[in-house]
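All remarks here apply to the structure that follows.
Every heavy atom of this structure was used, including side-chain atoms; hydrogens, water molecules and symmetry mates were not.
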Amino acid sequence: MDPRNNPWFFLSVLFLFFSSKTHLTIAADTISVGESLTGNQTIVSKDENFELGFFRPGKSLNYYIGIWYKKVTTQTVVWVANRDKPLLDPSTSELRLLGNGNLVLFNQSKTPIWSTNSPSNTLNSTEAFLGDDGNLVLRDGSNPSAVIWQSFDYPTNTWLPGGKLAFNKRTNQSQLLTSWRNEEDPAPGIFSLELDPRGTSQYLIKWNGSQQVWTSGEWNGQTFNLVPEMRLNYIYNFSYVTNENESYFTYTVYNSSIVSRFVMDLSGQIKQLTWAEKTQMWNLFWSQPKQQCDVYGICGPFGSCNQDTLKCECLPGFEKRFPKDWDLNDPTGGCVRETPLQCGRKDGFSRRSNMKMPANPQVLSDRSAEACEAACADRCSCNAYAYGSSGCSIWDGDLLNPQQQSNDGGDLYLRLAASAIRIPEGKTKKKSITGAVVGAIVGVVAFLVLALVLIWRWRVRRSVGTSKTVEGNLVAFTYRDMQNATKNFSQKLGGGGFGSVFKGVLPDSTAIAVKKLEGLSQGEKQFRSEVSTIGTIQHVNLVRLRGFCSEGTKRLLVYDFMSKGSLDSNLFHPKDTVILDWKTRYQIALGTARGLVYLHEKCRDCIIHCDIKPENILLDAEFCPKVADFGLAKLVGREFSRVLTTMRGTRGYLAPEWISGVAITAKADVYSYGMMLFEIISGRRNSEHYSNDEKIRFFPTWAATKMNEGEEIISLVDNRLEGNVDIEELTRACRVACWCIQDDEAHRPTMGQVVQILEGVLEVNTPPIPRSLHVLVENQDKVFFFSESSNRSSQAQSNTTSSTSSQAKSTASSMSSKS
């Protein structure tokens with residue numbers, strides 16, 4: 001006899017419900033006809049991947065029926081039933097499966113507020129089943145394959161593996177992923193994702209339900225054209241299906257142990273995330289649009305996204321419309337005026353510099369700057385104007401998407417009430433009465449300020465000559481300052497293609513490193529502008545720029561002095577003593593990767609280092625790695641490739657695309673990093689001869705071969721470590737190094753993925769051996785780093801890249817990952 005038909009069974013369930021304060025799970029993963037969930041009752045999928053029940057988001061007082069991950073410690077909801085009809089008391093509400101086959105949610109007044117609205121049926125065996133894929137299914141209990149309704153057909157903000165996002169060609173309706181309103185309100189937000197209803201194979205993000213603000217580009221069979229992150233996709237398997245009834249995408253995860261979700265986030269970005277059990281955090285795999293400030297309307301009307309802080313702020317003269325929503329990461333309500341406009345010439349304009357202009361301007365031709373201002377002033381609906389090389393532009397109505405930038409953009413003239421930008425007319429008479437008093441006070445203050453400035457300058461001259469602080473925290477040193485600090489450049493620390501580095505000491509006993517740049521052609525104004533930009537870039541794994549000198553043709557950069565010197569001086573030590581143990585080496589590799597991630601992905605403009613090598617990785621007193629010279633590629637500009645090809649000691653780190661003449665991307669740094677990582681592992685230069693059984697080996701080739709053939713890799717480690725290494729970390733390092741030096745840059749990981757691999761968040765399979773490594777061994781008489789002749793080096797570089805990697809073509813299918 002089925003216990004669910006036994007009255008004693010129901011009595012025991014009721015007894016447990018009223019006597020226990022813990023979560024009560026009924027019938028495991030199923031709700032049968034006549035059964036219901038109430039209070040803290042839940043059902044859990046078979047393998048305990050997902051749980052269904054009442055939940056309360058954040059500190060909200062409202063409750064909802066939803067599905068969340070059971071094993072993820074941070075409650076992460078993937079589906080909500082009553083997202084715009086919250087409940088106040090779950091103990092008097094219930095989710096019940098009725099006899100007509102509908103799953104219905106009743107509030108505390110026993111009024112239905114949500115239903116599956118499935119076709120009525122008289123099946124007594126209908127049941128609601130929660131699967132391990134997170135799909136809630138109404139089905140015929142006697143025939144589980146007969147699906148009546150499923151939550152996968154009605155996604156909210158999350159697309160789970162195995163689900164689909166479709167466009168129904170018969171009804172012309174799209175399945176939408178719609179963001180939450182804010183962190184505590186799952187009601188439909190302002191951003192949504194859908195498959196193009198025009199029939200193309202691309203996804204669109206829409207703002208306010210109508211305006212298209214982003215596209216993925218069309219599907220080419222493997223990736224979306226405008227989502228380059230998918231080119232090295234070794235976690236997800238996407239597929240596109242189209243027929244006479246519908247078009248849709250679906251995806252699965254190569255490794256079933258990975259916990260993954262695809263979200264239309266309330267930030268306006270679509271995000272692919274994986275759960276890392278080790279760190280107990282969700283890790284971002286990729287997102288689009290990539291930068292928060294690129295999201296259309298993210299800051300709402302009269303809100304501005306700051307490119308430096310990536311946060312929304314109100315334009316001057318405006319205040320937050322809904323401050324509580326801003327606190328919950330929902331600034332889309334925007335801002336309102338602090339003081340209403342009077343209209344006409346009674347209002348004024350406030351200039352905002354370095355602004356990216358708002359969306360949807362109205363361009364007026366043949367207008368002077370004065371006529372442009374008048375045109376806006378004469379229209380009560382005009383809220384701003386701009387005048388520049390492109391002429392006159394005015395904006396009626398709400399201003400959307402103005403962005404505050406560091407040093408780019410133009411001047412935006414924002415319309416404000418007169419009282420907000422100048423003294424009201426009623427006080428003009430008082431100005432003449434108090435003018436004399438104010439003038440006297442200003443005169444005295446000016447005298448005192450002048451005296452203080454003179455004293456300050458006298459003290460500064462005693463310490464650092466005529467140096468002065470410029471934009472940010474940078475100091476503009478004089479050349480004489482640097483001569484005194486370095487004792488006329490007497491203590492040389494090293495040199496390279498950009499110039500030599502000297503040790504110095506400032507009058508306050510601060511140790512510095514001074515780089516004398518050579519071969520720069522920029523004018524002083526351009527040089528100062530570029531250096532000021534670089535000076536704003538700060539990260540724990542980047543060497544801090546303290547200041548600069550620009551006098552005539554003399555160009556100097558002043559950095560913090562790193563007491564442990566460069567990585568190469570510590571790594572390639574001639575003695576048998578070990579300076580860097582394995583733990584330190586691994587942290588150096590990881591820290592360096594994090595610094596490059598910041599340059600590639602976190603800066604407003606991607607900065608490609610172009611010269612990653614041990615000499616450019618400096619170590620502080622705690623052996624924390626600092627990437628040096630990261631701004632020199634930006635400073636040298638288009639001449640950089642010429643500089644590189646004449647530099648000694650760098651050729652072994654050059655990516656093949658440098659020689660082939662194609663455009664250089666951040667993947668060139670990835671290649672160089674991979675070559676350097678091999679040297680961190682071995683403790684010797686890749687270019688040194690490795691002999692075993694009288695056979696000469698190029699180390700990266702040897703390492704790639706041993707990994708590919710499944711041999712023990714402990715022999716790859718610096719023998720001075722005497723085997724004291726973490727095998728798991730060594731395996732990660734060897735594999736990621738070989739992936740980094742693939743011939744085709746599309747098959748190399750990003751530096752962000754490198755960090756995830758080294759942290760253990762992602763696990764990669766054994767990489768193929770790049771074809772170019774075979775060429776290096778086959779033509780070792782011509783290998784460039786065995787010769788000091790630049791002519792022979794150039795010839796060898798051509799040989800190095802004469803063929804493409806055939807093995808790397810299958811990287812997407814040969815790599816896998818797991819959390």
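- Using a 3.5 Å distance cut-off with no hydrogens or angles, the side chains of Ser142 and Asp140 do pair a donor with an acceptor.
- Not less than 6.0 angstrom separates the ring centroid of Tyr69 from the ring centroid of Trp275.
- Once rounded to the nearest 0.5 Å, the distance linking CG of Leu103 with OG1 of Thr126 reads 11.0 Å.
- Considering OG of Ser93 and NZ of Lys110, their distance stands at 7.0 Å, rounded to 0.5 Å.
- Cysteines Cys335 and Cys314: SG-SG separation is under 2.5 Å.
- Rounding to the nearest 0.5 angstrom, the gap separating the CG atom in Leu195 from the CG atom in Leu165 is 8.0 Å.
- Between Glu194 and Lys206 a salt bridge is recorded (basic side-chain N to carboxylate O distance below 4.0 Å).
- For Tyr248, there are no ring-ring contact (aromatic ring centres under 6.0 Å, His included) partners, not counting sequence neighbours.
- Using a 4.0 Å cut-off between charged side-chain N and carboxylate O, Lys46 and Asp132 make no salt bridge.
- Nearest heavy atom pair, residue Gln272 against residue Ser260, reads NE2-OG, 3.5 Å.
- Cys299 pairs with Cys312 as a disulfide, the SG atoms being under 2.5 Å apart.
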In sequence, state the C-alpha distance, the side-chain angles, and the governing distance for Phe152 and Trp79, and then conclude on ring-ring contact (aromatic ring centres under 6.0 Å, His included).
CA-CA 9 Å; Phe152 270 9; Trp79 182 79; 10.0 Å; no
Applying ring-ring contact (aromatic ring centres under 6.0 Å, His included) to Phe249 and Trp219, what does each step give before you reach the verdict?
CA-CA 10 Å; Phe249 279 95; Trp219 181 255; 5.3 Å; yes
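- A salt bridge does not link Arg181 to Asp330: none of the charged side-chain nitrogens sits closer than 4.0 Å to a carboxylate oxygen.
- Checked by atom type, the side-chain pair Glu94/Thr38 shows no donor-acceptor distance below 3.5 Å.
- A salt bridge is absent between Glu244 and Lys169: the closest approach of a Lys/Arg side-chain nitrogen to an acidic carboxylate oxygen does not fall below 4.0 angstrom.
- With values rounded to the nearest 0.5 angstrom, Phe318 atom CZ is found 6.5 Å from Leu399 atom CG.
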Carefully, step by step, assess Gln288 and Ser216 under the rule side-chain hydrogen bond (donor to acceptor under 3.5 Å, both in side chains).
CA-CA 8 Å; Gln288 286 289 342; Ser216 64; over 6 Å; no
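- The line from CD of Glu183 to CG of Asn329 is 4.0 Å long, rounded to the nearest 0.5 Å.
- Within the model, atoms OG of Ser115 and CZ of Arg96 stand 13.5 Å from one another, a figure rounded to the nearest 0.5 Å.
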